[in-house]
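These notes concern the structure reproduced below.
These numbers were taken from a predicted model, which means no experiment stands behind them. Residue numbers start from 1 in every chain, and the chains themselves are labelled A, B, ... in the order their sequence lines are given, proteins ahead of strands.
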There are 2 protein chains.
Amino acid sequence: MRREFKKKSRILLIDDNYEHLSGIRELLNLEGTFDVVGIATNVTMGLNLIKKYQPDVVLLDMNMPERDGLQGILEINKLELGTKVLALSGYDDADLIFRAMKIGAKGYVLKTMASAQLIYAIEEVLNGKIYLPNALTSRFFEYFQKSFQEENSKQENSMDEENLLNELTQREEEVLELLTQGITYKGVANKLFISETTVKTHVNNIFQKLQVNDRTQAVLYAINNGFLTKRVKIAV
Amino acid sequence: MRREFKKKSRILLIDDNYEHLSGIRELLNLEGTFDVVGIATNVTMGLNLIKKYQPDVVLLDMNMPERDGLQGILEINKLELGTKVLALSGYDDADLIFRAMKIGAKGYVLKTMASAQLIYAIEEVLNGKIYLPNALTSRFFEYFQKSFQEENSKQENSMDEENLLNELTQREEEVLELLTQGITYKGVANKLFISETTVKTHVNNIFQKLQVNDRTQAVLYAINNGFLTKRVKIAV
DNA sequence: GATGATATAGATCTTTTGGTCTATAATGTT
DNA sequence: AACATTATAGACCAAAAGATCTATATCATC
């Protein structure tokens, strides 16, 4: 696959600093393999241009007034045009990096980085990879690990303690699952095609096993102990 | 800071494959800047050696029987000796990478990687950085973003919708807070020094505002709508 | 064939919850 | 002064939830 014969990659730039914008455009145009199909100084304009020109990659500045970069990522992704967003920022703010990556940026580069690295980042992203410079990867993970620290130390301690959820039989798990959706005995009975009293029996057994005395506590126990695994929640 | 005068870095290896263990030991010894202070073929042995020799870095194989690698990371960190764990694995299993990094690995390298890269990884980790090869960074982030996908798309849609929790008065929030701990009317009444009927009134108002009909649903609404923000949960 | 675990279900009773309506005091707003 | 909001609280009632005890039927396993 020789570069010369490849179609030029379509790039769009969004940055409220016009000087910077022009600088990058020059740089990318000089490179020869890129085609800067549009530039915008705010997200709203950018979104319109994206719809119009459907670029492969959008370089999106994170630090803009009003509708900011994070929001921009979400909205670009909402268009579902397969546009890849490469976040661009002046600072290596760990929180910002974390949030940008979390909501779907394909990479994150600093404005202070050498232009060669920017080019490389764009190429990686174009190839479907995710690109984060080593320094930012470090900062990202420090933040990442810190945000999970609490949970980890909790887990260290509770790891040898058995998870009471494991005591539940399959049927009991099904019942609990429905309880975590806020359903009454009658509702559960209907869903599982069993009598209400049977549900009550199951629920009572669940309470015994989880050492709680009511639904709410059972549901909370379930949520806090990985019953609804893969649940992730960090404020954007 | 010239390498020759630096104290050799202390490394410990844990891998159930003895051949591999010896191979790495040779490699690191040849390098000259490392001092392999111990090797172990399982986590239990490894932990003992770590307590004894206090290495700077532990190379820990992820794919071991019985007490596995993830558990190993947790337990090494629990010792709080500042030992840096570099995870080592034969496969680039995204889930495993994610979980290892989440619980505090300082890096993750594949056994198939060139020895130079292993050396580099160890050095980065020794310097307090976090090291993940580009390929694994990509895999990590794909997994990472996927696990947040649901939440992101939810946020896109619900971003303008008002959060019903905002309708609640301060007192109602306090009551809801207690409900999310699984407390009865009587319990809430005692905690807030008000009568049980007052609590009922508040709770009824909360139900109205959140458009639910019982505690469980209210608690679930609260949890799912950022009442307990910064809550993070991914199964280890 | 006895044992144990599981799923099913009925009877009974107490406690808790939830719905509705009314009422008062305090506070702030127009 | 009139009005709205909020926090407080009582009365009453119906529905739901929870606790306890007993009892079958199935299935695996020893």
Side-chain angles (χ1 to χ4, degrees), chain A residues 160-229, chain B residues 160-229:
Chain A
D160 353 62
E161 293 174 23
E162 78 287 43
N163 186 338
L164 296 177
L165 288 172
N166 296 331
E167 312 281 294
L168 299 184
T169 67
Q170 259 199 305
R171 200 55 162 171
E172 285 162 355
E173 279 186 18
E174 291 178 58
V175 174
L176 180 54
E177 163 107 37
L178 293 175
L179 287 193
T180 63
Q181 290 163 31
I183 309 186
T184 65
Y185 286 144
K186 208 171 293 184
V188 176
N190 288 334
K191 289 230 176 193
L192 296 183
F193 305 108
I194 54 181
S195 95
E196 208 179 321
T197 37
T198 306
V199 178
K200 285 176 127 183
T201 309
H202 285 313
V203 171
N204 265 298
N205 291 335
I206 292 171
F207 289 170
Q208 300 271 320
K209 291 186 179 176
L210 300 188
Q211 295 165 23
V212 298
N213 344 289
D214 60 55
R215 301 157 125 29
T216 312
Q217 286 173 20
V219 168
L220 289 171
Y221 186 94
I223 290 176
N224 288 326
N225 290 81
F227 188 68
L228 310 170
T229 42
Chain B
D160 357 58
E161 291 177 24
E162 80 286 45
N163 185 338
L164 296 177
L165 287 172
N166 296 330
E167 312 281 295
L168 300 184
T169 67
Q170 258 199 304
R171 199 54 161 172
E172 285 162 357
E173 278 186 19
E174 290 178 60
V175 173
L176 180 54
E177 164 105 38
L178 293 175
L179 287 192
T180 62
Q181 291 163 31
I183 309 186
T184 65
Y185 287 144
K186 209 170 295 183
V188 176
N190 288 334
K191 288 231 178 194
L192 297 184
F193 305 108
I194 53 180
S195 97
E196 208 178 321
T197 36
T198 306
V199 178
K200 286 176 114 178
T201 310
H202 285 312
V203 170
N204 264 297
N205 291 336
I206 292 171
F207 289 169
Q208 299 272 320
K209 292 186 179 176
L210 300 188
Q211 295 164 23
V212 299
N213 350 284
D214 60 54
R215 298 153 156 321
T216 312
Q217 285 173 20
V219 168
L220 289 170
Y221 186 94
I223 290 175
N224 288 326
N225 290 79
F227 190 67
L228 311 169
T229 41

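For the pair B/Asn213 CG and D/dA16 P, the computed distance is 11 Å after rounding to whole Å. What separates CZ of B/Arg215 from C1' of D/dA16 is a distance of 12 Å, to the nearest Å. Following rounding to the nearest Å, A/Ile183 (CD1) and D/dA16 (P) show an atom-to-atom distance of 14 Å. Between the CD atom of B/Glu174 and the P atom of D/dT6 there is a distance of 14 Å, given to the nearest Å.
Using modelled atom types and a 3.5 Å distance limit, the side chains of B/Thr201 and B/Thr198 yield no donor-acceptor pair.
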Please test A/Val219 against B/Val219 for side-chain contact (heavy atoms from CB on, under 4.5 Å), starting from the C-alpha separation and ending with a verdict.
CA-CA 9 Å; A/Val219 168; B/Val219 168; 5.6 Å; no
In sequence, state the C-alpha distance, the side-chain angles, and the governing distance for B/Arg171 and B/Ile194, and then conclude on side-chain contact (heavy atoms from CB on, under 4.5 Å).
CA-CA 11 Å; B/Arg171 199 54 161 172; B/Ile194 53 180; 3.6 Å; yes
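Within the 3.5 Å criterion, the main-chain N or O of B/Thr169 finds a donor-acceptor partner in the side chain of B/Glu172. Not a single donor-acceptor pair under 3.5 Å links the side chain of A/Glu196 to the backbone N or O of A/Tyr185.
Between B/Arg171 and A/Tyr185, it is B/Arg171 whose nearest contact on DNA chain D lies nearer the 5' terminus.
In the region residues 186-205 of chain A, proximity to DNA chain D at under 4.0 angstrom, judged on heavy atoms, holds for A/Lys186, A/Lys200, A/Asn204.
No side-chain heavy atom of B/Leu179 sits under 4.5 Å from any side-chain heavy atom of A/Thr216. Looking at A/Val188 and A/Leu192, their side chains come closer than 4.5 Å, going by heavy atoms from C-beta outward.
Read 5' to 3', the first and last nucleotides of DNA chain C with an atom closer than 4.0 Å to a heavy atom of chain A are C/dT6 to C/dG10.
Taking each heavy atom of A/Ile183 and A/Leu178 in turn, the nearest pair found is CG1-O, 3.4 Å. For the pair B/Ala222 and B/Thr180, the tightest heavy-atom approach, listed with the atom from each and the gap, is CB-CG2, 4.2 Å. The two residues A/Val212 and A/Gln217 have their closest heavy-atom pair at CB-OE1, 3.5 Å.
Defining each end axis of the helix from C/dG1-D/dC30 to C/dT30-D/dA1 as the rotation carrying four pairs' C1' atoms onto the next four, with five pairs an end, the two axes are found to diverge by 40° to 10 degrees.
Heavy-atom neighbours of A/Lys191 NZ from other residues, nucleotides or ligands within 6.0 Å: at or below the threshold of 12.
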